[in-house]
There are 2 protein chains.
Amino acid sequence: MKRKVTLKQIARELDVSISTVSKSLRNSPEISEDTRQKVQAFAKLYNYKPNNIALSLKNKKTKTIGIIIPEIVHHFFATVISGIEQVANENGYNVIVCLSDESFDKEVINMEMLATGSIDGFIMSLSKETQLKKDFHHIVEVINQGMPVVMFDRITNDVFCDKVIIDDQMAAYEAVEYLINKGFKKVALVTTVDYVSVGKLRTEGYLKALRDNNMMAEEDMIVKIEDIDNCSVKIERLLEEQKPDAIFAVNELFAVTCIKLAAKMGVNVPDDLSVIGFTDGIISQFSSPAITTVSQNGIKMGRSAAKMLIDRLEMEEEDEHYRTEVIETHLVERESTPTL
Amino acid sequence: MKRKVTLKQIARELDVSISTVSKSLRNSPEISEDTRQKVQAFAKLYNYKPNNIALSLKNKKTKTIGIIIPEIVHHFFATVISGIEQVANENGYNVIVCLSDESFDKEVINMEMLATGSIDGFIMSLSKETQLKKDFHHIVEVINQGMPVVMFDRITNDVFCDKVIIDDQMAAYEAVEYLINKGFKKVALVTTVDYVSVGKLRTEGYLKALRDNNMMAEEDMIVKIEDIDNCSVKIERLLEEQKPDAIFAVNELFAVTCIKLAAKMGVNVPDDLSVIGFTDGIISQFSSPAITTVSQNGIKMGRSAAKMLIDRLEMEEEDEHYRTEVIETHLVERESTPTL
DNA sequence: CTGAAAGCGCTTACAG
DNA sequence: CTGAAAGCGCTTACAG
């Protein structure tokens with residue numbers, strides 16, 4: 001077992017000073033061609049690599065990005081990480097991932113843990129609990145300490161920082177209008193509880209689309225789901241009692257659940273019922289029928305967030321001007337809506 | 001903007017030495033009750049937190065685990081990360097994630113990048129290209145430097161280290177035997193190319209199950225898929241020409257693809273064709289019909305891998321004895337196989 | 001051209 | 001009880 005070699009050891013071995021070794025390896029012009037070559041050859045032989053931690057301490061930057069997301073076993077978030085990782089890698093950054101598990105406390109703990117030196121900046125999406133509590137002191141604090149934060153998807157307007165979002169309201173509006181234009185008269189909504197920012201915005205888009213088309217929004221046609229695990233009853237009741245001819249669901253789990261429950265009740269999708277989901281994930285692609293959905297390009301969101309963060313990290317002067325980037329969405333037509 | 005406060009600043013502020021501040025905060029008995037309280041109060045007021053990087057350099061451990069996996073947009077791997085993260089968190093560790101993108105070079109680069117001080121140990125699953133090349137020098141090197149590595153799922157026997165796997169061959173054997181016991185006579189296999197270790201083992205399990213039941217393994221009943229994106233032709237040909245009554249697919253993507261293609265050809269699952277997949281992911285759960293599958297508990301594998309790594313990191317003496325943990329699997333019966 | 005010194009932020013054995 | 005010193009591994013302004 002040969003342990004990692006340090007400058008000190010090389011210096012001792014070659015009988016020169018540590019400074020000389022360091023400078024040689026960095027090709028400083030101060031050093032004679034001769035010693036430089038000698039040192040470099042030796043370093044190569046022993047596979048010397050500078051210690052990242054020492055560099056971080058010295059340079060006061062770690063070249064790593066902290067990501068805090070609610071969960072990773074969720075296609076959309078995995079997709080965003082993938083995008084972040086691409087850009088991070090291209091720029092010599094690493095990525096450290098923490099999961100809040102939708103818990104406020106875990107989000108706070110993770111942020112504090114990372115904020116003390118481990119990373120240069122954050123990319124995050126709020127936990128449900130944080131959105132419910134509307135307590136963002138941990139984020140504001142980090143920003144005040146001079147550490148940049150980029151929020152994506154589940155954001156809040158109460159914190160000033162860079163953001164990457166989609167236009168949730170508009171995207172929902174377009175999806176619902178698409179259904180209306182197909183001639184559907186009873187378009188139901190399956191959405192989240194209101195405190196989830198994106199759910200709320202998508203709900204608003206739904207309402208607006210109905211309004212603009214002179215259709216009444218009926219309370220009974222809207223199902224708000226708190227917890228995916230026991231949502232079946234509510235959806236079944238919707239299908240039975242309201243008999244909608246189309247459903248707009250604010251995520252793909254809701255959409256596929258609607259389709260499965262409909263099938264169980266003998267309601268055929270798309271013949272008797274059309275369904276549009278949100279987030280173009282693996283479920284939408286592979287469910288039968290494949291689900292028409294609002295695509296939300298996670299890779300792109302991740303790449304964009306990483307770019308914004310790195311730009312800010314490598315900026316010369318501080319810039320108090322924050323940007324919000326809106327990633328475009330579009331409707332992916334598949335089998336859960338009629339083809340003409 | 002109030003920047004992070006350091007021991008030095010507290011010391012200056014309170015007009016004591018840095019050592020005194022440090023000791024006070026760590027409740028050293030050397031320090032008088034009086035100054036200790038004073039220092040602690042002040043530190044609390046200014047929200048002092050020791051700098052992780054400085055601690056890492058001093059202690060020569062970073063309390064972070066490096067994860068290298070082929071991709072993250074893959075339910076199984078996301079699941080494993082989630083399990084690792086749980087145990088890491090419980091033990092005060094962070095998790096740094098790198099993706100090899102199935103590329104040997106990226107795997108090597110990422111390992112070297114992390115190995116130089118950033119982390120205390122690795123948890124990894126090999127990229128396809130690495131398995132194809134059978135070049136593991138980067139892993140051996142890291143281990144020789146004294147940095148522990150735990151491999152999971154896609155492993156190799158050519159490297160000595162801790163491992164977490166399932167018994168792929170046995171699990172496949174059981175799945176195929178299950179089909180045979182149901183009375184199916186023409187059980188086809190949809191698998192990966194041979195160099196993917198888990199694919200190969202599952203293939204062997206399939207062959208053994210046939211053999212043990214006095215059934216002939218026919219070449220035409222076995223489809224080996226290199227690349228998911230253009231596998232349709234091969235599977236369609238299998239369905240058309242061989243008309244299997246059951247298919248064992250070595251992952252859920254293959255399984256769902258078989259079902260979708262069968263549906264397109266008017267072959268009903270499970271009435272005309274039974275399908276069993278592998279890896280109990282989101283696709284198996286939500287596809288229609290839901291897919292009977294060999295569950296491979298990613299969370300458990302992740303937890304176990306993290307536990308093994310942390311145990312080794314916190315072990316007093318070096319232990320040259322490596323363990324291989326086998327996580328149990330079981331068949332989850334769903335709609336793609338007959339119910340009786 | 002080379003090396004000693006200071007410093008990044010911390011801890012701890014040792015001296016006073 | 002307090003503080004100076006050494007050290008983790010590195011870089012760089014400065015002296016010689």
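Values below: every heavy atom of this structure, side chains too, minus hydrogens, waters and symmetry copies. Note on naming: letters A, B, ... go to the chains in the order of the sequence lines (proteins, then strands), and numbering restarts at 1 for each one.
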(message) Taking the nucleotide of DNA chain D with the nearest heavy atom to each, does B/Asn59 or B/Pro29 sit closer to the 5' end?
(response) B/Pro29
(request) Tell me which of B/Leu57 and B/Glu33 sits closer to the 5' end of DNA chain D, going by the nucleotide each one is nearest to. (result) B/Glu33
(request) Taking ring pair (Phe, Tyr, Trp, His ring centres under 6.0 Å) as the test, write out the residues that go with A/Tyr93, two or more places apart. (result)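 With sequence neighbours excluded, A/Tyr93 shows a ring pair (Phe, Tyr, Trp, His ring centres under 6.0 Å) to no residue whatsoever.
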(request) Under the ring pair (Phe, Tyr, Trp, His ring centres under 6.0 Å) rule, collect the residues that match up with B/Tyr48, sequence neighbours excluded. (result) none
(request) Taking heavy atoms of chain A and a 4.0 Å limit, find me the 5'-most and 3'-most nucleotide of DNA chain C within that range. (result)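 The contact span of chain A on DNA chain C goes from C/dC1 to C/dG9.
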(request) Nearest-nucleotide wise, let me know which of A/Ile31 and B/Lys49 is further upstream toward the 5' end of DNA chain C. (result)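 Looking at the nearest nucleotide for each, A/Ile31 comes out on the 5' side.
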Without placing hydrogens or testing angles, list every side-chain donor-acceptor pair under 3.5 Å for residues 18-26 of chain A, not counting sequence neighbours.
| residue | atom | partner | partner atom | Å |
| --- | --- | --- | --- | --- |
| A/Thr20 | OG1 | A/Ser17 | OG | 2.9 |
| A/Ser24 | OG | A/Thr20 | O | 2.7 |

The criterion is side-chain hydrogen bond (donor to acceptor under 3.5 Å, both in side chains); which residues satisfy it with [X], sequence neighbours excluded?
X        : result
A/Glu102 : A/Arg154
B/Ser82  : none
B/Asn94  : none
B/Gln40  : B/Asn27

(message) Using a 4.0 Å cut-off on heavy atoms, which residues in residues 16-26 of chain A reach DNA chain D? List them by number, or say none.
(response) A/Ile18, A/Ser19, A/Ser22, A/Lys23, A/Arg26
(request) Determine the contact category for A/Lys58: base if any of its heavy atoms lies under 4.0 Å from a base atom, sugar-phosphate if only primed atoms, P, OP1 or OP2 are that close, otherwise nothing. (result) base
(request) Tell me what B/Thr35 touches on the nucleic acid: a base, only sugar-phosphate, or nothing, going by heavy atoms under 4.0 Å. (result) sugar-phosphate
(message) Please give the distance between the P atoms of D/dA6 and C/dA4 as a whole number of Å.
(response) 15 Å
(request) Write out all pairs satisfying side chain to side chain donor-acceptor pair (under 3.5 Å) with one or both partners inside residues 109-119 of chain A, taking only residues at least two apart or from two chains. (result) A/Thr116-B/Asn52, A/Ser118-B/Asn52
(message) Does anything in residues 53-74 of chain A form a side chain to side chain donor-acceptor pair (under 3.5 Å)? List the pairs, not counting sequence neighbours.
(response)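 For residues 53-74 of chain A: A/Thr62-A/Asp120.
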(message) Could you go through A/Glu33 and A/Gln37, starting from their C-alpha distance and side-chain angles, then the distance that decides it, and tell me whether this counts as side chain to side chain donor-acceptor pair (under 3.5 Å)?
(response) CA-CA 6 Å; A/Glu33 188 57 27; A/Gln37 297 225 333; 2.9 Å; yes
(request) Using Watson-Crick or G-U wobble pairs with both distances under 3.5 Å, give me DNA chain C in dot-bracket, 5' to 3', with [ ] for crossers and | for pairs to another strand. (result) |||.||||||||.|||
(request) Ignoring hydrogens and angles, state whether a donor on the side chain of A/Gln145 or A/Glu141 is under 3.5 Å from an acceptor on the partner side chain. (result) no
